[in-house]
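Worksheet: the structure to be examined is printed underneath.
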Amino acid sequence: MVRPRARGTLLLLVLLLITAAMSAPATAGARSAPATFAHPGVLVSRAQLDFVRSKVNAGAQPWKAAYDQMVASSLASLSRTPKPRAVVECGSYSNPNYGCTDERQDALAAYTDALIWYISRDSRYAQKAIELMDAWSAVITDHTNSNAPLQTGWAGSSWPRAAEIIRYTYTGWSATGVSRFATMLRNVYLPEVINGRPSTNGNWELSMMDAAIGIAVFLEDRAAYDKAVSTFRARVPAYIYLTADGALPRGPAGSGIDTRAEIISYWQGQETFVDGLSQETCRDLTHTGYGLAAIAHIAETARIQGQDLYPEIADRLRHALGLHAKYQLGAAVPSWLCDGALTLGLGPVTEVGFNALHHRMGIAMTNTQTLTERQRPAGTNNLFVAWETLTHAGNPN
């Protein structure tokens, strides 16, 4: 016979076991990082690169034209001299601009060189990418002033894309160089972006998470990867509206923006909400494009790492791409939308999302397709988007 005290102990033990079992799935669900990271695995995978290389070598379009455009750009110049700085100071709209443009350009150039190396097998480009990465990792210690998080996000998105390709497809980068570059990413870049900026316009936090997930992959840092994905999952529904959200968009997690007046103010004064509207639509389509590009970049990197985030963001991203493509193509702006006036300039930001949603998932995206094909070959926005017709047009991998 079980005594009352023993029965109570057993009951408590059972309750503890049930509680643990109930909490286990939630804990597991919070972990997103792969058991083994895929390399190269930031924005482009080896399979994607091989697809591109085969198309370029066959002279197929639009890849060959996109490759030629890239090789002819100033970013591909083998005479480029790195311009590293110990402290990069970037104020609002890059004023002051002490090293901001230089850093972004050198990071984009390293990625450009890495792509040319992989496709052409011309080792001069791999060596130039290494020269750029080594120059900055030897010098930089900090980013300062008001735009520091955004600047770090932009440059920090491009650096690991370059580094992944070079580290895992070329044998000429020294162990010392790789280690110092990793230390730079861990100590200078990651701390500036990993905690996000919930109260800023959404393109900031999304660009910061674009950098954070890329850095996490290069460093094989599972905690940073998980945090970046968690922030991304919370931010996307606060950046792109769906009618299923209710009468108002969601406020960014941790921002304290939650009343009707605060949300409308945060959405640039917009009071009518439709599927695909972005928090920055009424600001301008250029900044909106930054946010949409970062969303696609993060989902693409996660997919390469074995975690497909596209299904959970597909409705938001397809509506957002379609809505903004429609007006970028010249549709009349209704009076209820941004007081009847939009500032255009979406930029070369649709290829990655369009390829994932249309070609891989089979979603019809007429406006996005028209704009994407009209803009080919998509070049660079000179911030953190570059050569995405080359890397992602019709890429099945």
Side-chain angles (χ1 to χ4, degrees), residues 33 42-43 82-108 110-111 132-164 179-232 234-235 239 252-255 287 290-291 293-295 297-298 301 381-385:
V42 177
L43 186 60
K83 297 179 180 178
R85 294 176 67 101
V87 177
V88 175
E89 182 180 356
C90 307
S92 181
Y93 294 95
S94 292
N95 183 22
N97 181 342
Y98 298 134
C100 315
T101 302
D102 291 339
E103 180 188 29
R104 295 195 303 264
Q105 291 285 294
D106 280 351
L108 284 168
Y111 177 52
L132 292 161
M133 292 188 289
D134 283 354
W136 278 88
S137 68
V139 172
I140 190 167
T141 61
D142 200 9
H143 297 87
T144 64
N145 215 316
S146 58
N147 262 26
L150 184 59
Q151 170 72 17
T152 309
W154 285 338
S157 295
S158 299
W159 285 129
R161 293 173 199 162
E164 280 281 302
S179 177
R180 192 175 69 196
F181 189 82
T183 298
M184 176 191 78
L185 292 182
R186 182 177 297 284
N187 295 342
V188 180
Y189 288 81
L190 189 59
E192 190 71 50
V193 297
I194 191 61
N195 293 318
R197 288 293 289 265
S199 297
T200 58
N201 283 305
N203 82 87
W204 275 53
E205 190 161 76
L206 290 163
S207 297
M208 291 162 72
M209 291 310 107
D210 190 358
I213 195 171
I215 292 168
V217 169
F218 185 79
L219 298 177
E220 297 196 335
D221 185 329
R222 290 175 176 80
Y225 181 99
D226 289 343
K227 189 165 187 178
V229 170
S230 178
T231 301
F232 168 81
R235 176 54 98 159
Y239 192 68
S255 68
H287 286 89
Y290 300 164
I295 289 170
H297 293 167
I298 294 162
T301 295
N381 69 356
N382 291 311
L383 300 173
F384 72 114
V385 177

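Quick note: numbers below take in every heavy atom, side chains included, and nothing from hydrogens, waters or symmetry partners.
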Could you tell me the separation between the CD atom of Gln105 and the CG atom of Leu383, rounded to the nearest 0.5 Å?
9.0 Å
Minimum heavy-atom separation for Trp159 and Ala110, please, with both atom names.
CZ3-CB, 3.9 Å
Rounding to 0.5 Å, atoms CG (Asp102) and CG (Asn97) come to a distance of 7.5 Å
Contacts under 3.5 angstrom, residues 204-213 side chains, donor-acceptor by atom type, not counting sequence neighbours:
residue	atom	partner	partner atom	Å
Glu205	OE1	Arg235	NE	2.9
Glu205	OE2	Arg197	N	2.8
Ser207	OG	Asn203	O	2.8
Asp210	OD1	Arg161	NH2	3.4
Asp210	OD2	Arg161	NH2	3.1
Asp210	OD2	His297	ND1	2.7

Could you measure the distance from the CG atom of Leu150 to the CG atom of Asn201? Nearest 0.5 Å is fine.
10.0 Å
When you compare the side chain of Leu185 with that of Leu190, does any pair of heavy atoms fall below 4.5 Å?
no
Of all the heavy-atom pairs spanning Tyr189 and Gly156, show the shortest one and how long it is.
CD2-CA, 3.8 Å
To the nearest 0.5 Å, how far apart are OG in Ser94 and CZ in Arg104?
4.5 Å
Cys90 versus Asn145, closest heavy-atom pair with distance
O-CB, 3.3 Å
Starting from the C-alpha separation in whole Å, work towards a yes-or-no answer on side chain to side chain contact (heavy atoms under 4.5 Å, CB included) for Tyr98 and Val87.
CA-CA 8 Å; Tyr98 298 134; Val87 177; over 6 Å; no
Quick one: side chain to side chain donor-acceptor pair (under 3.5 Å) partners of Asn195, sequence neighbours excluded?
Lys227
Measuring from atom CD1 of Ile215 to atom CD of Glu164, what distance do you get when rounded to the nearest 0.5 angstrom?
11.5 Å
Please identify which of these residues, Glu103, Gln151, Glu192, meets the side-chain hydrogen bond (donor to acceptor under 3.5 Å, both in side chains) condition with His143.
Glu103
